Amino acid sequence: MSEQEPSGLLTIRTIAMPNDLNYEGDVFGGWLVSQMDLAGGIAARWRSGGRVTTVGIEAMQFHTPLRMGDELSCYCTEVRIGRTSMTYLIEVWVRRREGGSQVRATKGTFTYVALGSDGRPRPVPANPDAP
């Protein structure tokens with residue numbers, strides 16, 4: 001994993017808006033984590049070919065604050081595929097609204113479980129139809 005550039009699959013790109021900020025003008029950590037969870041959920045859904053749920057978040061590290069207008073990009077890297085679970089390293093890189101190169105803002109490890117139509121865990125297919 002490079003400290004200089006993102007790795008993994010670009011899954012979400014969005015912009016921090018006024019409703020995403022605290023009174024100091026920084027992005028709420030909870031909003032940032034929710035964007036990461038959305039990105040990981042998309043990657044896990046692609047990998048498993050169906051419904052998934054988040055079962056764990058660990059090893060969060062915040063490197064730099066985000067502000068209004070910053071462009072946030074979430075990159076997902078597959079770490080582990082189990083029988084019913086999938087673990088991803090999710091990195092958030094930010095490009096300041098003033099421009100410049102991207103810098104890593106945060107990273108974390110998220111685990112998802114594939115669910116069947118009955119809402120119970122199901123096996124993750126061996127050969128994914130991921131993009």
Side-chain angles (χ1 to χ4, degrees):
M1 170 181 31
S2 170
E3 297 292 323
Q4 310 301 334
E5 59 186 49
S7 61
L9 176 66
L10 174 61
T11 311
I12 287 182
R13 181 171 283 150
T14 190
I15 295 175
M17 301 298 285
N19 285 343
D20 308 323
L21 310 178
N22 63 25
Y23 67 92
E24 293 291 343
D26 296 322
V27 167
F28 283 112
W31 180 81
L32 184 54
V33 171
S34 73
Q35 297 305 304
M36 295 170 77
D37 193 28
L38 286 169
I42 290 169
R45 183 177 179 87
W46 286 340
R47 176 60 175 86
S48 71
R51 184 177 171 197
V52 299
T53 190
T54 309
V55 295
I57 300 173
E58 51 189 83
M60 290 293 303
Q61 296 176 353
F62 294 93
H63 301 283
T64 187
L66 278 71
R67 298 201 169 268
M68 184 178 73
D70 286 351
E71 177 186 289
L72 170 145
S73 298
C74 294
Y75 294 84
C76 298
T77 302
E78 198 174 273
V79 173
R80 181 182 171 281
I81 302 299
R83 192 178 78 73
T84 63
S85 66
M86 299 148 284
T87 301
Y88 289 88
L89 171 66
I90 303 172
E91 294 184 311
V92 175
W93 288 70
V94 60
R95 187 180 318 278
R96 303 297 180 188
R97 70 179 178 183
E98 298 83 21
S101 60
Q102 291 188 103
V103 296
R104 187 168 56 204
T106 186
K107 65 181 178 179
T109 305
F110 289 62
T111 301
Y112 302 86
V113 167
L115 299 176
S117 58
D118 60 357
R120 298 181 52 81
R122 65 172 171 81
V124 175
N127 296 315
D129 290 331

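Computed from a predicted model, the values in this text were never measured in an experiment.
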Heavy-atom pair of closest approach, residues Val94 and Ala105: CG1-CB, 4.0 Å

Would you name the heavy atoms of Phe110 and Met60 that are closest together and state the gap between them? CE1-SD, 3.9 Å

Roughly how far, to the nearest 0.5 Å, is OG1 of Thr106 from CG of Leu66? 9.0 Å

Rounded at 0.5 Å granularity, tell me how far SG in Cys74 sits from CG in Leu9. 11.0 Å

What closest approach, in Å, do Leu115 and Pro121 show between heavy atoms, and which atom pair accounts for it? CD2-N, 4.0 Å

Could you tell me the separation between the OG1 atom of Thr11 and the CZ atom of Arg45, rounded to the nearest 0.5 Å? 14.5 Å

Has Arg47 got a side-chain atom pairing as donor or acceptor with Pro125's backbone, closer than 3.5 angstrom? yes

I'd like to know if the side chain of Tyr112 and the backbone of Asp37 have a donor-acceptor N/O pair within less than 3.5 Å. yes

What is the minimum heavy-atom distance between Thr77 and Gly8, and which atoms define it? OG1-CA, 3.3 Å

Is Arg95 reaching over with its side chain to a backbone N or O of Gly100, donor-acceptor style, under 3.5 angstrom? yes

Considering residues, nucleotides and ligands other than Asn19, do more than 12 of their heavy atoms fall under 6.0 Å from its CG? no

Spatial distance of atom CG (Leu72) from atom CE (Met36) [nearest 0.5 Å]: 9.0 Å

Look at Arg97 together with Asp70 and state whether they make a salt bridge at an N to O cut-off of under 4.0 Å. no

Side-chain contact, heavy-atom cut-off 4.5 Å: Arg13 with Trp93? no

Find the distance between CG (Asn22) and CZ (Phe28) and round it off to the nearest 0.5 Å. 5.5 Å

Do Thr109 side-chain atoms and Leu89 backbone N/O form a donor-acceptor pair below 3.5 Å? no

Go through the steps for Ser48 and Arg122 under the test side chain to side chain donor-acceptor pair (under 3.5 Å), then give the verdict. CA-CA 9 Å; Ser48 71; Arg122 65 172 171 81; 3.3 Å; yes

For a quick test of reading the model, state the closest non-hydrogen atom pair linking Arg96 to Arg67 and the distance between them. NH1-N, 4.2 Å

Taking side chain as C-beta onward, heavy atoms only, is Gln35 less than 4.5 Å from Val92? no

Leu38 side, atom CG; Ile12 side, atom CD1 - distance, nearest 0.5 Å: 4.5 Å

